[in-house]
A.B. asks: 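Take this structure, written in structure tokens, and hold onto it; I'll ask about it next.
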Number of protein chains: 2
Amino acid sequence: MGTINIDGNVQEATCKQELTAMRDSLDVLGGKWKLMLLRYLSNRLEEKNTFKKIQREIEGISAKMLTKELKDMELNLLISRSVIKTKPITVEYAITNYGLNVLPLAENLVQWGLDHRAKIKN
Amino acid sequence: MGTINIDGNVQEATCKQELTAMRDSLDVLGGKWKLMLLRYLSNRLEEKNTFKKIQREIEGISAKMLTKELKDMELNLLISRSVIKTKPITVEYAITNYGLNVLPLAENLVQWGLDHRAKIKN
DNA sequence: CTGTATCCACTGGGATACTG
DNA sequence: CAGTATCCCAGTGGATACAG
């Protein structure tokens, strides 16, 4: 939000930039399944994570959503998509190094969520 | 997502808990205006933040959304609401200490958003 | 001033069926 | 297997008018 500043316009500009940045983050990471998928893939670096396998193991996700979320995340360089020319074809998804570096942020959200639930329960 | 574990059920349980926690966080903090409001209030600890003032200064928010977001955040103990019995009444909102402690998380999101935008631009 | 109520357009996301 | 296409409904959120 910027620091309090005599020059309101400068502060407003800074403020807006930061708010946009925050919204960017939430848009890119806040999707219904995105962080879940990221953590799923981060725990299966050595496995072949095919579309079907992911859908089977992530309870409740539809093909439509899985397609969409994976596509979004690929565009944001968080995951990679590899088409294997078997017959019929298979596709393998993996988290990228860039994707790995957002995991700490995800962990913070998990921790805060746990703490918050405990706090609210009282 | 829990660590890789021989016992699939234990891992699944842990996994679900953590995913729930992550969703909790995103639900509580990911609203369209919530983090924005939190940062707005954190920069105005000494001011009287009335409903109208907030609405005037946060560009684009409707009364309906402002009401809803403030109510949500009050329920989550992130902000406080004080009715002042002037005539007509005024209401002042302020961030709580608990609310203040989520700001670092918000800052991380801002920073990641900035970095990510830079990364994607290339 | 501080909201609520209502209407309404748009979107997110599930179910299902279908394609390459 | 890996998606796409379609339908459809519930929930978001804006605009406007109204109420305490």
Side-chain angles (χ1 to χ4, degrees), chain A residues 19-20 22-38 40-41 44 47-76 78-95, chain B residues 19-20 22-38 40-41 44 47-76 78-95:
Chain A
L19 295 173
T20 302
M22 208 153 51
R23 194 109 303 282
D24 282 352
S25 294
L26 293 174
D27 285 348
V28 174
L29 305 175
K32 187 169 180 187
W33 307 93
K34 292 202 174 67
L35 285 175
M36 180 178 319
L37 284 166
L38 224 44
Y40 175 93
L41 291 175
R44 289 164 179 78
E47 302 180 30
K48 307 298 185 188
N49 302 296
T50 64
F51 188 91
K52 204 64 181 184
K53 171 168 177 287
I54 299 174
Q55 192 185 7
R56 214 181 315 115
E57 297 187 3
I58 303 225
E59 195 174 350
I61 194 168
S62 64
K64 180 173 151 188
M65 281 310 293
L66 185 51
T67 302
K68 179 179 170 298
E69 301 278 76
L70 289 172
K71 201 173 288 178
D72 288 351
M73 293 170 72
E74 191 194 357
L75 281 173
N76 282 303
L78 297 170
I79 64 173
S80 63
R81 177 178 185 276
S82 315
V83 180
I84 316 291
K85 289 168 196 54
T86 48
K87 201 172 178 297
I89 64 163
T90 56
V91 178
E92 293 175 12
Y93 293 91
I95 190 170
Chain B
L19 295 173
T20 302
M22 207 153 52
R23 192 107 307 278
D24 282 351
S25 294
L26 293 173
D27 286 348
V28 174
L29 305 174
K32 188 169 181 186
W33 307 93
K34 291 201 174 71
L35 285 173
M36 180 176 320
L37 283 165
L38 223 43
Y40 175 94
L41 291 175
R44 289 164 180 77
E47 302 180 31
K48 307 297 184 190
N49 301 296
T50 64
F51 188 91
K52 203 63 180 184
K53 173 168 176 285
I54 299 173
Q55 192 185 7
R56 214 182 313 113
E57 298 186 2
I58 303 226
E59 196 173 350
I61 195 169
S62 64
K64 179 173 150 186
M65 281 310 293
L66 185 50
T67 302
K68 179 180 171 298
E69 300 278 73
L70 289 172
K71 200 172 290 178
D72 288 351
M73 292 169 73
E74 192 196 356
L75 281 174
N76 282 303
L78 297 169
I79 65 173
S80 64
R81 177 178 185 277
S82 315
V83 179
I84 317 290
K85 290 167 195 55
T86 49
K87 204 173 174 297
I89 66 164
T90 56
V91 178
E92 294 175 11
Y93 293 92
I95 190 169

A.B. asks: How many Å lie between CD1 on Ile84(B) and C1' on dT2(C), as a whole number?
C.D. replies: 13 Å
A.B. asks: Do any side-chain atoms of residues 27-35 of chain A form donor-acceptor pairs under 3.5 angstrom with protein atoms, and if so which ones, sequence neighbours left out?
C.D. replies:
residue, atom, partner, partner atom, Å
Lys34(A), NZ, Glu69(A), OE1, 2.7
Lys34(A), NZ, Asp72(A), OD2, 3.4

A.B. asks: Taking CG from Asp72(A) and C1' from dG3(D), how many angstroms apart are they, rounded to a whole number?
C.D. replies: 15 Å
A.B. asks: Any heavy-atom pair between the side chains of Asn49(A) and Tyr40(A) that's under 4.5 Å?
C.D. replies: yes
A.B. asks: Are Gln55(B) and Lys52(B) packed together at the side-chain level, in the sense that at least one heavy-atom pair is separated by less than 4.5 angstrom?
C.D. replies: yes
A.B. asks: Rounded to the nearest 0.5 Å, how far does CG of Leu19(B) lie from CE of Met36(A)?
C.D. replies: 4.5 Å
A.B. asks: With heavy-atom distances below 4.5 Å as the criterion, would you say the side chains of Glu92(B) and Ile84(B) are in contact?
C.D. replies: yes
A.B. asks: Rounded to whole angstroms, how far apart are CD on Glu74(B) and P on dT2(C)?
C.D. replies: 15 Å
A.B. asks: Can you check side-chain contact (heavy atoms from CB on, under 4.5 Å) on Ile95(A) and Leu37(A), steps first, answer last?
C.D. replies: CA-CA 9 Å; Ile95(A) 190 170; Leu37(A) 284 166; over 6 Å; no
A.B. asks: Can you identify which nucleotide, out of dG3(D), dG3(C), dT2(C), has its nearest atom closest to the Thr67(A) side chain?
C.D. replies: dG3(D)
A.B. asks: Using a 4.0 Å heavy-atom cut-off across all strands, classify Lys71(B) as base, sugar-phosphate, or nothing.
C.D. replies: sugar-phosphate
A.B. asks: Return the value, rounded to whole Å, for the distance between atom CZ of Arg56(A) and atom P of dC1(D).
C.D. replies: 7 Å
A.B. asks: Rounded to whole Å, how long is the line connecting atom NZ of Lys48(A) with atom P of dC1(D)?
C.D. replies: 17 Å
A.B. asks: Rounded off to whole Å, could you give me the CD1-to-P distance for the Ile54(B) and dC1(C) pair?
C.D. replies: 13 Å
A.B. asks: Within the 4.0 Å limit for protein heavy atoms, which parts of nucleotides 9-20 of chain C are touched? Write it as a string from 5' to 3', B for base, S for sugar-phosphate only, - for none.
C.D. replies: ----BBB-----
A.B. asks: Regarding Thr86(A), tell me which of base, sugar-phosphate or nothing describes its non-hydrogen contacts under 4.0 Å with the strands shown.
C.D. replies: nothing
A.B. asks: Quick one: Leu70(A) CG to dC1(D) P, roughly how many Å, whole number?
C.D. replies: 16 Å
A.B. asks: Would you say dG3(C) has OP1 or OP2 under 4.0 Å from some side-chain N or O of Tyr93(B)?
C.D. replies: yes
A.B. asks: Between Leu66(B) (CG) and dT16(D) (P), how many Å, whole number?
C.D. replies: 18 Å
A.B. asks: Less than 4.5 Å apart, side chain to side chain, heavy atoms only: is that true for Leu70(A) and Arg81(A)?
C.D. replies: no
